[in-house]
Amino acid sequence: MMSQIKAVRGTRDLLPPETELWNRVEATARRVFERYAFGEIRTPIFEDTQLFARGVGEETDIVSKEMYTWEDRPRAQSEKAQMLTLRPENTAGVVRAYIEHKLGDSGLLQKLYYIGPQFRRERPQKGRYRQFFQIGAEVIGPVSAGSESPLRDAEVLEMLATFLDELGVTGWTLELNSVGSAQDRPRYVEALRAALTDVAPTLCVDCQRRAVTNPLRVLDCKVLDDQDKINALPKIAEFLDEESRAHFAAVLAALDACGVRYTVNPRLVRGLDYYTRTTFEFTHGGLGAQNALLGGGRYDGLSEAIGGPKAPGIGFAIGADRLVLTLQAAASGEMAGALADVYVAPLGEARQAEALVLARELRRAGLRVELGEGSFRLKKSFEMGNKVARAIVLFGEDEAKSGVMTVKDFATGEQTKVARGDLAEFLRK
RNA sequence: GCGGCUAUAGUUCAGUGGCAGAACGCCGGUCUGUGGCACCGGAUGUCGUGGGUUCGACCCCCACUAGCCGCCCCA
């Protein structure tokens, strides 16, 4: 026997009834985002590898070791093969589209959201897959359109709080920080590096390594005994220039004004090179090591980094897989599959074609109808109907002749005779 | 990429170096125009894959694959 073909490592099938939850999450996102005047953008699932190398950052783990990259087939022998990559995130693609279609020339702020799969070749874990789904949005535009304003940051954060609330997610925490301008960050990293030369040898082995390879990561360390020493390290807030400082203060003031709860976390640093100023994360307990539900930040220099005009922006990406996980945990237990409104049971194979007509009438009237099978014995029709629908309509010889249907409600056990013309109305209640 | 745990029926899981098990679910019957409840009966399966040790391996050993937990990193 041939070996069975299975979904590849880190990918999975989403099946009903779980897909119902996915649809609810996506529908809520669309509804909320559109209320904030966002429009949907769909960018290709693969792009020129250079887009991510230049946009996300050559030195990031994502680009250096987690991308699905391959060489395209050259069209002609003379042509050089192009390197292509499955998108590991969607912001770079959106900014590329912004540049390519000269969206900034409208003079307007572009507010774009996306929903789709992303790909990273990481070791799979619960809540972390190699094909994962993100719901994200970007606010980007020329400075003259107000794209640099702290109001944009606050508006996006307030929108996310509303989104989570409307979805019924409870117990989330918003943490935010400012990582400063493109000039501030390198100065901070140097100061951190300097401070670590003394402190690092007393820290855990992981941090001793991080101190050299990626000093910012020391701030993420979770070893309890080292927390005091890490808190005593220089804070990035001390290295912000006047403008960045005022910008961050304005973001916080706007959040206070509309009552969005947050925690300033001076140790929140994010992994992508393009972030400037505001960075944030919404976390949720019960997700284990993958506790970030969504993350984002401002990226004032990204457009220029990939060859575009100056176009400051701010955006976020929601980890839909993790969001669905937390919703499932909260809904603990009852995940009732979608029940049809009615099960139409033809009694005898001679009734089958007419039963399809009856089902069609009810479906056109907007009811969810499951159509049974005439060869089933009556008892079996009832058993089947009881599993998939709220009520059953018997369609046998008597009903076909008289035009009066027999309906039984599975919940109450009540059985009623209903004229065919009144059936849809009767079942709707 | 690194470390640890795990893999037996559709599902959740027991199990022993000597015939493969339970519960739930599924199928059939008691009941040929009435489901749920009850009772009776039935099928569950290459014991993840491949090799090795052994008279004999689901069990012991090795490799591989996948999942989970942690690390790295991140949504």
Residue [X], side-chain atoms from C-beta onward, closest of [options]:
{"X": "Lys387(A)", "options": "G35(B), C73(B), C27(B)", "answer": "C27(B)"}
{"X": "Met384(A)", "options": "C27(B), U34(B), C2(B)", "answer": "C27(B)"}
{"X": "Lys126(A)", "options": "C68(B), U34(B), G36(B)", "answer": "C68(B)"}
{"X": "Glu399(A)", "options": "G70(B), G33(B), G35(B)", "answer": "G33(B)"}
{"X": "Arg123(A)", "options": "A75(B), G35(B), G1(B)", "answer": "G1(B)"}
{"X": "Arg322(A)", "options": "G36(B), C74(B), C68(B)", "answer": "C74(B)"}
{"X": "Leu347(A)", "options": "C73(B), G33(B), C68(B)", "answer": "G33(B)"}

Side-chain N,O ([X]) to OP1/OP2 ([N]) below 4.0 Å:
{"X": "Arg128(A)", "N": "C74(B)", "value": "no"}
{"X": "Arg377(A)", "N": "G29(B)", "value": "yes"}
{"X": "Gln125(A)", "N": "G67(B)", "value": "no"}
{"X": "Arg9(A)", "N": "G67(B)", "value": "yes"}

Base, sugar-phosphate, or nothing: which does [X] touch, judged by heavy atoms less than 4.0 Å apart?
{"X": "Ile392(A)", "value": "nothing"}
{"X": "Asp398(A)", "value": "base"}
{"X": "Gln415(A)", "value": "base"}
{"X": "Arg12(A)", "value": "nothing"}
{"X": "Thr406(A)", "value": "base"}
{"X": "Leu294(A)", "value": "sugar-phosphate"}
{"X": "Gly295(A)", "value": "sugar-phosphate"}
{"X": "Gly413(A)", "value": "base"}
{"X": "Gly136(A)", "value": "nothing"}

Would you say [X]'s side chain and [Y]'s backbone share a donor-acceptor pair under 3.5 angstrom?
{"X": "Arg390(A)", "Y": "Val342(A)", "answer": "no"}
{"X": "Arg277(A)", "Y": "Phe248(A)", "answer": "no"}
{"X": "Ser181(A)", "Y": "Asp184(A)", "answer": "yes"}
{"X": "Arg267(A)", "Y": "Ile230(A)", "answer": "no"}
{"X": "Thr416(A)", "Y": "Val418(A)", "answer": "no"}
{"X": "Tyr188(A)", "Y": "Leu240(A)", "answer": "no"}

Between [M] and [N], how far apart are the [atom1] atoms? Round to whole Å, please.
{"N": "U46(B)", "M": "A20(B)", "atom1": "P", "answer": "14 Å"}
{"N": "C31(B)", "M": "C47(B)", "atom1": "P", "answer": "40 Å"}
{"N": "U11(B)", "M": "G25(B)", "atom1": "C1'", "answer": "7 Å"}
{"N": "A14(B)", "M": "G48(B)", "atom1": "P", "answer": "14 Å"}
{"N": "C60(B)", "M": "A7(B)", "atom1": "P", "answer": "10 Å"}
{"N": "U8(B)", "M": "U49(B)", "atom1": "C1'", "answer": "15 Å"}
{"N": "A9(B)", "M": "G50(B)", "atom1": "P", "answer": "16 Å"}
{"N": "A57(B)", "M": "G17(B)", "atom1": "C1'", "answer": "7 Å"}

Practice item. Would you kindly compare Ala411(A) and Tyr129(A) by the position of their nearest RNA chain B nucleotide and give the one closer to the 5′ end? Key: Ala411(A)
Review point. Mapping Phe133(A) and Gly10(A) to their closest nucleotides on RNA chain B, which lands nearer the 5' end?
Key: Gly10(A)
Whole angstrom is fine here: how far is it from [atom1] in [X] over to [atom2] in [N]?
{"X": "Phe52(A)", "N": "C73(B)", "atom1": "CZ", "atom2": "C1'", "value": "18 Å"}
{"X": "Glu122(A)", "N": "C68(B)", "atom1": "CD", "atom2": "P", "value": "13 Å"}
{"X": "Lys65(A)", "N": "C73(B)", "atom1": "NZ", "atom2": "P", "value": "8 Å"}
{"X": "Met67(A)", "N": "G1(B)", "atom1": "CE", "atom2": "P", "value": "16 Å"}
{"X": "Phe376(A)", "N": "C27(B)", "atom1": "CZ", "atom2": "C1'", "value": "12 Å"}
{"X": "Glu383(A)", "N": "C37(B)", "atom1": "CD", "atom2": "C1'", "value": "12 Å"}
{"X": "Ile318(A)", "N": "A75(B)", "atom1": "CD1", "atom2": "C1'", "value": "10 Å"}
{"X": "Tyr343(A)", "N": "U34(B)", "atom1": "OH", "atom2": "C1'", "value": "13 Å"}

Can you tell me the base-pairing partner of [N]? Count Watson-Crick or G-U wobble geometry only, both distances below 3.5 Å, and say none if there is no partner.
{"N": "C74(B)", "result": "none"}
{"N": "G18(B)", "result": "C55(B)"}
{"N": "U65(B)", "result": "A7(B)"}
{"N": "A38(B)", "result": "U30(B)"}

Practice item. Give me the ring orientation class for Phe33(A) and Phe38(A): parallel if the planes are under 30° apart, tilted from 30 to 60°, perpendicular past 60°. Key: tilted
Check your understanding: Should the pair Phe282(A) and Trp172(A) be assigned to parallel (<30°), tilted (30 to 60°) or perpendicular (>60°) ring geometry?
Key -> tilted
Review point. Taking N and O atoms by type only, does the side chain of Lys379(A) place a donor or acceptor under 3.5 Å from a partner on the base of U34(B)?
Key: no
Exercise for review: Decide if atom CZ of Arg35(A) counts as having more than 12 heavy atoms of other residues, nucleotides or ligands within a radius under 6.0 Å.
Suggested key: yes
Review point. Stacking check: are the rings of Phe132(A) and A75(B) less than 5.5 Å apart at their centres and under 30 degrees in tilt?
Key: yes
